[in-house]
Protein chains: 2
Amino acid sequence: MRHQPAKLDEIDRKLLALLAEDSTQSYADLGEAIHLSAPAVHDRVKRLKRDGVIRATVAKIDGCKVGRTLLAFVLVNTKNLVSTKRLLTLANVPEIEEMHTVAGDSCVLLKVRVRETEGLEELLGKIQDIEGVDGTRSYIVMSTFVERGPDPYL
Amino acid sequence: MRHQPAKLDEIDRKLLALLAEDSTQSYADLGEAIHLSAPAVHDRVKRLKRDGVIRATVAKIDGCKVGRTLLAFVLVNTKNLVSTKRLLTLANVPEIEEMHTVAGDSCVLLKVRVRETEGLEELLGKIQDIEGVDGTRSYIVMSTFVERGPDPYL
DNA sequence: TTTGAAAAATTGCGTGA
DNA sequence: TCACGCAATTTTTCAAA
C-alpha cells in the first residue's frame with residue numbers, strides 16, 4: 001500500500017532527520033554521524049527513495065528573495081463536492097503552494113504566496129469566480145517562526 | 001536588507017525552478033537545460049546560496065511513510081501579544097511543521113502532522129494549557145493536492 | 001563564461017559477518 | 001540480510017584565459 005508506513009529502524013530515522021535538514025552532506029560525512037560507511041549510507045538512501053520515504057530532494061527557495069513577499073492562507077467554502085472539484089483546476093496556479101481539502105463544511109485550504117496585496121486580491125477573484133464557491137476567509141501571515149518538513153521520529 | 005528581493009535574471013529563475021523540483025541533477029545536466037557550462041551553473045548556484053535565495057537543500061519526507069498519518073491546520077486564538085509569545089515556546093515540538101502569526105484577531109496558525117487523532121488531541125491540550133489561549137479551531141486534511149515551495153517566476 | 005584538469009564524491013561489486 | 005573495503009566512474013570545483 002502506498003500509504004502504509006515503511007519499516008524504519010532508528011538509524012533510518014536519524015538519517016532522514018539529517019537529510020531533511022541538509023541533503024548536501026556527503027555520504028562520508030553522514031556515515032560518520034551515524035557510524036556507517038559511505039556505501040552503507042548510500043544503500044539506505046537508495047532504499048528510502050525507492051520506498052518513497054524520501055519523495056524528492058529539493059532546493060528550499062526564499063519567497064521574499066524571488067519577489068513573493070506576501071504569504072497567506074485562504075480557506076475556501078464550497079457548496080458541495082462538485083464545486084470543490086472545480087476548485088482543483090487551480091492546482092497549477094503558480095501562487096498556490098499548497099492545496100488541501102479539509103474536513104468539516106466542504107472546505108479547501110490554500111497556502112498562497114503572492115507579490116503584493118494586489119496579487120492576493122487577484123487570486124481571490126479567480127477563486128470566487130468559480131461556480132459553487134460560497135466565500136473565502138484569508139489569513140495573512142505576519143511572521144513565520146517554523147517552516148519545515150515532517151519530523152521522522154515517532 | 002534581508003527581505004529585499006535579490007537581483008535575478010531569467011536564467012536564475014529557470015535554474016531555481018529546476019532545483020526546487022529536483023536538486024539531485026548534476027551541474028552538467030542543469031547546464032544543458034539552461035544552455036550553460038557546468039562551472040557556470042555552479043557559480044550561479046553558489047551565488048544564489050550566498051544571497052539566501054536558496055535557503056537550504058533538503059530531502060522531502062513522506063509524512064505517512066514515517067508514521068505521521070494525520071495532517072491538520074490549527075488556528076489558535078490568543079488574548080494578546082504576550083500570550084502569542086508564550087505560544088512560540090512550542091516551536092520545537094516535533095509535531096509542529098509550520099508556525100505563523102497571522103493578521104486579524106491575534107491568531108497563530110499551525111500546520112501539524114501527528115500519528116493519529118489522539119496525537120492531535122494531545123497537542124491541542126498542550127496548546128490550550130498555555131495561559132492566554134482563548135481557543136483553537138482545527139482543520140483536518142483529507143487530501144493534499146498541491147504541496148510545493150515558492151514559484152521563482154514573477 | 002568557457003575549457004581543461006585536479007580533487008572529491010558517488011556508486012558497483014566482491015567479500016565476509 | 002546488511003555492512004564493509006576497494007576501485008571505477010562521475011561529479012564537483014579550481015584554475016587560467
Side-chain angles (χ1 to χ4, degrees), chain A residues 1-62 65-67 148-154, chain B residues 4-62 64-67 149-150 152-154:
Chain A
M1 274 306 177
R2 186 164 233 91
H3 290 287
Q4 220 58 44
K7 275 198 240 81
L8 303 169
D9 62 20
E10 281 310 299
I11 296 173
D12 288 326
R13 293 185 188 274
K14 175 76 181 165
L15 181 56
L16 286 168
L18 289 168
L19 290 172
E21 186 93 15
D22 176 16
S23 65
T24 64
Q25 299 165 86
S26 73
Y27 290 141
D29 287 349
L30 290 165
E32 193 156 356
I34 59 178
H35 310 293
L36 237 53
S37 69
V41 174
H42 177 240
D43 278 353
R44 280 179 185 259
V45 171
K46 216 164 54 179
R47 193 193 73 231
L48 291 167
K49 283 183 177 172
R50 173 175 54 78
D51 295 350
V53 183
I54 296 176
R55 291 156 65 109
T57 302
V58 301
K60 263 177 75 177
I61 291 174
D62 187 307
K65 289 288 171 63
V66 296
R148 60 187 168 217
D151 182 290
Y153 296 110
L154 277 196
Chain B
Q4 219 59 43
K7 275 199 241 81
L8 303 169
D9 62 21
E10 280 311 298
I11 296 172
D12 288 327
R13 292 184 188 274
K14 175 75 182 165
L15 181 55
L16 286 168
L18 289 169
L19 291 172
E21 187 92 16
D22 176 15
S23 66
T24 64
Q25 301 165 86
S26 73
Y27 290 142
D29 287 348
L30 291 165
E32 194 154 356
I34 58 177
H35 310 295
L36 238 52
S37 68
V41 175
H42 178 241
D43 277 354
R44 279 179 186 259
V45 171
K46 216 165 53 179
R47 192 193 76 231
L48 291 167
K49 284 183 177 172
R50 173 175 53 77
D51 295 350
V53 183
I54 296 174
R55 290 156 67 109
T57 303
V58 300
K60 263 175 76 177
I61 290 174
D62 187 306
C64 292
K65 290 287 171 63
V66 297
Y153 297 110
L154 276 194

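Note: hydrogens, waters and symmetry copies are ignored here, and every other heavy atom, side chains too, is used. Sequence lines set the chain letters: A, B, ... in the order given, protein chains first and strands last, and positions in each chain run from 1. Note that the coordinates shown come from a computational prediction; the quantities given were computed from them, not determined experimentally.
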* Asked: Is His42(A) near enough to dT10(C) that one of its side-chain N or O atoms lies under 4.0 angstrom from OP1 or OP2?
  -> no
* **Rounded distance in Å - CG (Leu36(B)) to P (dT1(C))** => 6 Å
* Can you check the Asp43(B) CG to dA16(D) P distance for me, whole Å? -> 15 Å
* To do: Please state how far atom NE2 in His35(A) lies from atom P in dC2(D), giving the value in whole angstrom units.
  => 20 Å
* To do: Let me know the distance between CG of Leu15(A) and P of dA3(D), rounded to the nearest Å.
  => 11 Å
* Under 4.0 angstrom between Lys46(A) side-chain N/O and dG12(C) OP1 or OP2 -> yes
* To do: Take the protein atom CD of Glu32(B) and the nucleotide atom C1' of dT2(C), then report the distance between them rounded to whole Å.
  => 16 Å
* Structure fact -> The reported gap from CG in Leu48(A) to CD1 in Ile54(A) (rounded to nearest 0.5 angstrom) is 5.0 Å
* Structure fact -> Among dG12(C), dT12(D), dT10(C), the one nearest any side-chain atom of Ser26(B) is dT12(D)
* To do: Could you pull out the closest heavy-atom pair between Gln4(A) and Lys65(B), with the gap in Å?
  => O-CD, 3.3 Å
* Side chains of Lys49(A) and Thr57(A) in contact at under 4.5 Å (non-hydrogen atoms) -> yes
* Which pair of non-hydrogen atoms, one from Val66(B) and one from Asp151(A), has the smallest distance, and what is that distance? -> CG2-O, 4.1 Å
* Answer yes or no: does a side-chain N or O of Arg44(A) lie under 4.0 Å from OP1 or OP2 of dC2(D)? => no
* Please give, in whole Å, the distance from dA9(C) P to Leu30(A) CG? -> 11 Å
* **Side-chain N or O of Arg47(A) closer than 4.0 Å to phosphate OP1/OP2 of dC2(D)** => no
* Structure fact -> Lys7(A) NZ to dC2(D) P, in whole Å, measures 9 Å
* Tell me: OH of Tyr27(A) to P of dT9(D), nearest whole Å? -> 20 Å
